[in-house]
Amino acid sequence: MQQRNILAIDGGGIRGIIPALILSHIERRAGRPIAELFDLVVGTSTGGILALGLSMPDPLARDGSQYTASELVEFYKQRGPQIFDPSLWRSLRSVSGVLDESYSAETLEHVLEGYFKTRTLAECRVPTMVTTYAIERREAVFLKSFNPDHKAIRCVDAARATTAAPTFFEPASVRIAGEPHALIDGGVYINAPAVSAYAEAIALYPDSDINVVSIGTGHLTRPIPLERAVEWGAAGWLAPLLDCMFDGVAKVTDQQMRLLLGDGYYRFQLSLDSANDEMDDASEANLAALEAAALELIEREEQKLDRVIARLLSD
């Protein structure tokens with residue numbers, strides 16, 4: 001039975017630097033790009049940016065990939081503060097995302113265009129999928145490089161849609177098979193896409209031995225005090241509710257995947273004890289704290305990572 005290796009990357013805003021660092025370690029130790037190590041790459045939100053970025057081809061590059069995971073680590077360091085940099089006027093107008101989105105979608109689009117340019121999903125080196133939700137049609141939308149209706153979609157638009165987190169960025173308008181769709185961040189229903197990645201792999205590769213590598217962006221440890229929560233109305237619950245949804249989905253997904261795949265499932269996740277868990281804290285101090293936490297996880301999970309790399313190279 002042929003072995004198929006699947007990569008699933010969680011959402012989490014600026015915390016995407018964590019999976020970027022883990023994937024950089026895997027590329028460095030394996031000596032091969034992610035697009036050659038996996039048979040399907042799936043991401044939600046910031047994980048979608050990573051999935052698409054690691055799938056970009058470059059015929060002139062020695063390994064055939066436009067970006068290494070290390071270069072995408074620099075994406076978070078260099079572009080993160082630019083993306084999550086609200087002006088004073090915008091902060092006052094939005095009241096921290098209550099009356100309007102907290103950040104400029106134009107800035108995000110400009111940054112993404114710099115990385116993806118005119119590339120389309122059809123050009124992805126490896127089958128790639130990112131998650132979104134259509135708010136007008138009220139349906140989950142999985143943008144797939146291997147779906148004939150999606151091949152012409154620009155990677156910029158796919159990345160913009162999967163990162164359109166409510167309160168942070170306005171919805172994205174993307175044409176799919178000639179029809180306009182208003183799309184938001186897939187994290188509203190599947191911030192950790194491992195189960196969907198597994199289901200898609202079963203459809204793509206029937207009768208195969210499927211392994212799933214799932215990489216998180218850190219799970220929350222800050223408690224929500226009861227005495228504060230009981231006084232919150234809709235506005236007060238807005239940001240904490242998103243945090244609870246994203247974190248809860250990731251933990252349930254992890255439990256389900258362990259039951260479904262057992263030894264064929266590898267999860268890399270850490271507790272955000274020493275770094276700020278806010279998805280938009282792109283300060284120099286927090287980026288350094290997130291990097292330190294990721295490097296500590298890599299050291300702690302070195303043997304497990306070595307087993308994963310050996311399996312990835314065994315084909």
Side-chain angles (χ1 to χ4, degrees), residues 6-13 16 19 34-35 38-57 65-67 72 75 105 108-109 111-113 115-166 168-205 212 214-215 217 246 249 253:
I6 314 303
L7 174 63
I9 314 171
D10 291 11
I34 292 300
F38 291 92
D39 299 288
L40 172 66
V41 180
V42 179
T44 289
S45 196
T46 195
I49 291 178
L50 287 171
L52 292 165
L54 294 168
S55 299
M56 288 296 95
S65 289
Q66 185 167 357
Y67 300 114
L72 293 177
F75 168 86
L108 174 60
E109 290 165 6
V111 169
L112 293 174
E113 285 172 354
Y115 276 80
F116 295 115
K117 298 182 172 56
T118 60
R119 297 286 191 189
T120 64
L121 291 181
E123 297 178 74
C124 290
R125 290 192 66 196
V126 60
T128 304
M129 181 173 83
V130 299
T131 67
T132 69
Y133 181 80
I135 57 174
E136 293 176 332
R137 299 166 185 258
R138 292 301 187 107
E139 61 185 16
V141 176
F142 298 89
L143 298 178
K144 308 171 186 179
S145 66
F146 45 93
N147 183 328
D149 289 338
H150 299 172
K151 287 181 178 292
I153 295 173
R154 296 189 310 158
C155 292
V156 169
D157 295 329
R160 170 71 177 86
T162 194
T163 55
F168 289 91
F169 300 103
E170 63 188 40
S173 179
V174 179
R175 297 190 74 84
I176 302 176
E179 294 293 327
H181 289 63
L183 303 177
I184 63 171
D185 193 326
V188 297
Y189 67 94
I190 192 163
N191 200 51
V195 171
S196 288
Y198 178 51
E200 202 66 41
I202 292 174
L204 279 175
Y205 307 114
V212 175
S214 173
I215 307 182
T217 59
F246 291 172
V249 165
T253 297

Next item on the list: Begin with the C-alpha distance, continue with both residues' side-chain angles, and end with the deciding distance and a verdict on side-chain contact (heavy atoms from CB on, under 4.5 Å) for K144 and E200.
Entry: CA-CA 10 Å; K144 308 171 186 179; E200 202 66 41; 3.1 Å; yes
Next item on the list: Evaluate the side-chain contact (heavy atoms from CB on, under 4.5 Å) criterion for residues M56 and R119: first the C-alpha distance (whole Å), next the side-chain angles of each, then the deciding distance (0.1 Å), finally the verdict.
Entry: CA-CA 8 Å; M56 288 296 95; R119 297 286 191 189; 3.6 Å; yes
Next item on the list: Determine, stepwise, if the pair Y133 / V141 fulfils side-chain contact (heavy atoms from CB on, under 4.5 Å).
Entry: CA-CA 5 Å; Y133 181 80; V141 176; over 6 Å; no
Next item on the list: Assess whether side-chain contact (heavy atoms from CB on, under 4.5 Å) is satisfied between V130 and L52, documenting all intermediate values.
Entry: CA-CA 8 Å; V130 299; L52 292 165; 4.0 Å; yes
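Contact between A201 and L40 at its shortest, heavy atoms only, is N-CD2, 4.0 Å. Heavy-atom minimum distance, R160 versus E170: NH2-O, 2.8 Å. The nearest pair of heavy atoms linking A194 to S214 is CB-OG, 4.0 Å. Taking both residues in full, the closest heavy atoms of G16 and L50 are given as O-CD1, 3.6 Å, listed atom of the first, atom of the second, then distance. Here the closest heavy-atom approach between residue S145 and residue L121 is recorded as CB-O, 3.1 Å. Scanning both residues, I49 and F116, for their nearest heavy atoms gives O-CZ, 3.9 Å.
T162 contributes atom OG1, which lies 10.5 Å from atom CD1 of I184 (distance to the nearest 0.5 angstrom). The OG1 atom of T253 sits 8.5 Å away from atom CG of N191, with the distance rounded to the nearest 0.5 Å. Note that CG of L108 and CD of E113 are 9.5 Å apart. Values are rounded to the nearest 0.5 Å. To the nearest 0.5 Å, the span separating CE on M129 from OG1 on T44 amounts to 8.0 Å. For the atom pair CD1 of I190 and CZ of F142, the computed distance is 5.0 Å after rounding to the nearest 0.5 Å.
In terms of modelled atom types and a separation under 3.5 Å, the side chain of S55 and the main chain of G53 share no donor-acceptor contact. Side-chain atoms of S196 do not come within 3.5 Å of backbone N or O of P193 as any donor-acceptor pair. For the pair Y205 (side chain) and D39 (backbone), a donor-acceptor distance under 3.5 Å is present. Between the side chain of S45 and the backbone N or O of G11 there is no donor-acceptor pair closer than 3.5 Å. Checked by atom type and distance alone, the side chain of Y189 never pairs as donor or acceptor with a backbone atom of T131 at under 3.5 Å. In this structure a side-chain-to-backbone donor-acceptor pair under 3.5 Å is missing from S65 to P57. Checked by atom type and distance alone, the side chain of E123 pairs as donor or acceptor with a backbone atom of T120 at under 3.5 Å.
Between the side chains of H181 and R137, a donor-acceptor pair is found at a separation under 3.5 Å.
Taking the six-membered ring where the residue is Trp, Y67 and Y115 present tilted rings, their angle falling between 30° and 60°.
Between L143 and T128 the shortest side-chain heavy-atom distance does not fall below 4.5 Å. Here the side chains of V41 and L54 are not in contact, with every heavy-atom distance at 4.5 Å or above. Residues T163 and T46 have side chains not in contact (no heavy-atom distance under 4.5 Å, counting atoms from C-beta outward). Two residues are said to be in side-chain contact when any heavy atoms from C-beta on lie closer than 4.5 Å; L7 and V126 fail this criterion. Using a 4.5 Å heavy-atom threshold, the side chains of P180 and V174 count as separate. Looking at heavy atoms from C-beta onward, P171 lies in side-chain contact with I135 at the 4.5 angstrom threshold. Counting heavy atoms from C-beta outward, I9 and V42 have side chains that stay 4.5 Å or more apart.
Note on residues 181-192: no pairs pass salt bridge (charged side-chain N to carboxylate O under 4.0 Å, His left out), not counting sequence neighbours. Residue pairs meeting the side chain to side chain donor-acceptor pair (under 3.5 Å) criterion with at least one member in residues 146-155, sequence neighbours excluded: R154-D157.
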